[in-house]
Amino acid sequence: MIPEENYGMRENCCRTPRTVRRQEDKKGHERPGLLGDPCTPIQSRPFTSRYTISPGHELGRGKFAVVRKCIEKETEKEFAAKIMRKRRKGQDCRMEILHEIAVLELAKDNPWVIKLHEVYESATEMILVLEYAAGGEIFNQCVAEREEAFKEKDVQRLMRQILKGVSFLHRHNVVHLDLKPQNILLTSDCPLGDIKIVDFGLSRIVNNNEELREIMGTPEYVAPEILSYEPISTATDMWSIGVLAYVMLTGTSPFLGDDKQHTFLNISQLNISYTEDFEGVSDPAVDFMKNLLVREPAGRATAEDCLQHPWLAEGDLPDPYSSAMSTVQESKQILPEEEDDELKAENSLDASPSQPDTDGQTVTEELILMASYTLGQCRQTEMEKQTESKAITKRFKFEEPMLQEIPGDFIY
């Protein structure tokens with residue numbers, strides 16, 4: 001459906017927008033690494049003439065934008081409206097918004113990046129009408145109780161998708177610079193859907209011709225080179241993916257301190273533990289994170305390297321509990337089928353853990369296995385009860401990007 005004449009036509013659009021280099025701009029406030037003007041038509045008519053904002057459906061709010069669920073009146077399709085102010089702290093930030101639009105255009109054919117539908121502009125705001133991801137942020141399951149949180153096989157599948165999306169961006173010299181659970185959405189939550197990478201407001205173009213240095217990102221996920229004001233590269237995203245994997249697997253933030261300074265110190269000194277909260281996490285998963293959480297950018301695995309890592313090889317890890325129960329069930333078949341019931345009962349009564357016979361060992365192993373599985377959960381619950389307030393602060397505190405805050409509410 002075409003609402004306006006020539007809407008959506010891209011014959012004259014460049015496939016890879018050029019980097020903005022406005023030498024004539026005397027103020028020079030445009031940041032390096034931004035893409036040029038996008039091809040998507042920018043609608044000037046009122047946004048509400050075509051869409052209805054769903055009451056009570058605020059999907060997200062940051063310091064630069066608010067995202068609300070909306071319904072297209074003509075088709076009744078659901079979308080997400082990202083509403084952004086063009087002026088922030090007295091500065092014109094329209095060029096940054098146009099850059100975000102251009103990045104979405106660049107990734108329009110990638111299934112792991114959110115789709116851009118339309119763009120609207122008023123005197124004070126720009127509105128990006130985006131694909132609606134009904135499953136919400138993966139953050140919600142990262143901080144859920146462990147029984148409801150991601151299983152490792154879920155993280156494997158989702159991490160493959162994240163890396164495929166990031167690999168596409170990196171091949172086009174785009175770095176996201178704000179990869180975190182709040183910026184990875186799910187197409188559905190039950191059953192667990194596929195991922196969509198969102199929020200390219202901090203993304204930049206990197207190339208070999210010029211260095212890009214900026215202090216930006218979310219404290220817990222920024223790489224060491226951000227803090228030391230060293231050049232940004234695609235490896236900067238890979239650090240964030242390592243932190244993201246840690247959070248998805250354990251529900252804890254590896255470098256989070258009592259304040260930002262403490263967090264930054266933990267990142268700079270690489271203060272990280274791979275033992276606490278790692279019960280049930282496989283050794284290949286730990287190795288995967290260790291290949292990314294490396295201080296020197298050159299030492300980190302690339303997105304393509306990660307997709308070849310044994311942990312992300314096609315096929316999911318078996319569920320540890322299911323495997324254990326399968327072993328127990330198989331062990332129960334040791335007795336020959338022709339053995340009569342009376343003999344089975346006798347052997348069952350006479351067997352003991354100290355005896356070398358097979359039945360005794362099977363019973364003992366079953367008890368130890370089940371006790372280990374149960375006690376592990378109990379220890380975790382008891383520990384959380386003893387340090388409830390501190391544990392919640394450490395596990396669930398995720399901060400907004402280090403950016404300027406926009407005062408007031410958004411008008412739409």
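Worth saying up front: this structure is predicted, and the values here are computed from it rather than measured.
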Checklist entry - Which residues pass the salt bridge (charged side-chain N to carboxylate O under 4.0 Å, His left out) test with Arg171, sequence neighbours left out? => result Glu304

Next on the checklist: Does atom CD (Glu76) have a neighbourhood of more than 12 heavy atoms from anything else shown, all under 6.0 Å?
Outcome noted: no

Checklist outcome for this item: His309 meets the ring pair (Phe, Tyr, Trp, His ring centres under 6.0 Å) criterion, sequence neighbours left out, with Phe288

Item to check | Listed partners of Thr234 passing side chain to side chain donor-acceptor pair (under 3.5 Å), at least two apart | outcome: none

Item to check | Within 45° cone and under 6.0 Å: Lys290 NZ/CZ vs Tyr274 ring | outcome: yes

Checklist entry - Which residues pass the side chain to side chain donor-acceptor pair (under 3.5 Å) test with Ser188, sequence neighbours left out? => result none

Checklist entry - Under 6.0 Å from the NZ atom of Lys73, do we count more than 12 heavy atoms belonging to anything else shown? => result yes

Item to check | Nearest heavy-atom neighbours spanning Tyr246 and Glu276 | outcome: OH-O, 4.2 Å

Next on the checklist: For a quick test of reading the model, state the closest non-hydrogen atom pair linking Leu186 to Ile138 and the distance between them.
Outcome noted: CG-CG2, 3.7 Å

Item to check | Any residue meeting side chain to side chain donor-acceptor pair (under 3.5 Å) with Asp194, in chain and number order, not counting sequence neighbours | outcome: Arg157, Gln161

Item to check | Counterpart residues, ring pair (Phe, Tyr, Trp, His ring centres under 6.0 Å), relative to Phe168 (two or more places apart) | outcome: His172

Checklist entry - According to the salt bridge (Lys or Arg N to Asp or Glu O under 4.0 Å) rule, which pairs have a member within residues 223-235, sequence neighbours left out? => result Glu225-Arg300

Next on the checklist: Does anything in residues 174-210 form a ring pair (Phe, Tyr, Trp, His ring centres under 6.0 Å)? List the pairs, not counting sequence neighbours.
Outcome noted: His176-Phe200

Checklist entry - Around Asp287, counting heavy atoms of other residues, nucleotides and ligands shown, do more than 12 lie under 6.0 Å from its CG? => result yes

Item to check | Any residue meeting salt bridge (charged side-chain N to carboxylate O under 4.0 Å, His left out) with Glu137, in chain and number order, not counting sequence neighbours | outcome: none

Checklist entry - Can you name the side chain to side chain donor-acceptor pair (under 3.5 Å) partners of Lys69, sequence neighbours left out? => result Glu78

Checklist entry - Who are the salt bridge (charged side-chain N to carboxylate O under 4.0 Å, His left out) partners of Lys82, not counting sequence neighbours? => result Glu100, Asp199

Checklist entry - Excluding sequence neighbours, so at least two apart, what forms side chain to side chain contact (heavy atoms under 4.5 Å, CB included) with Asn266? => result Phe255, His262, Asn271

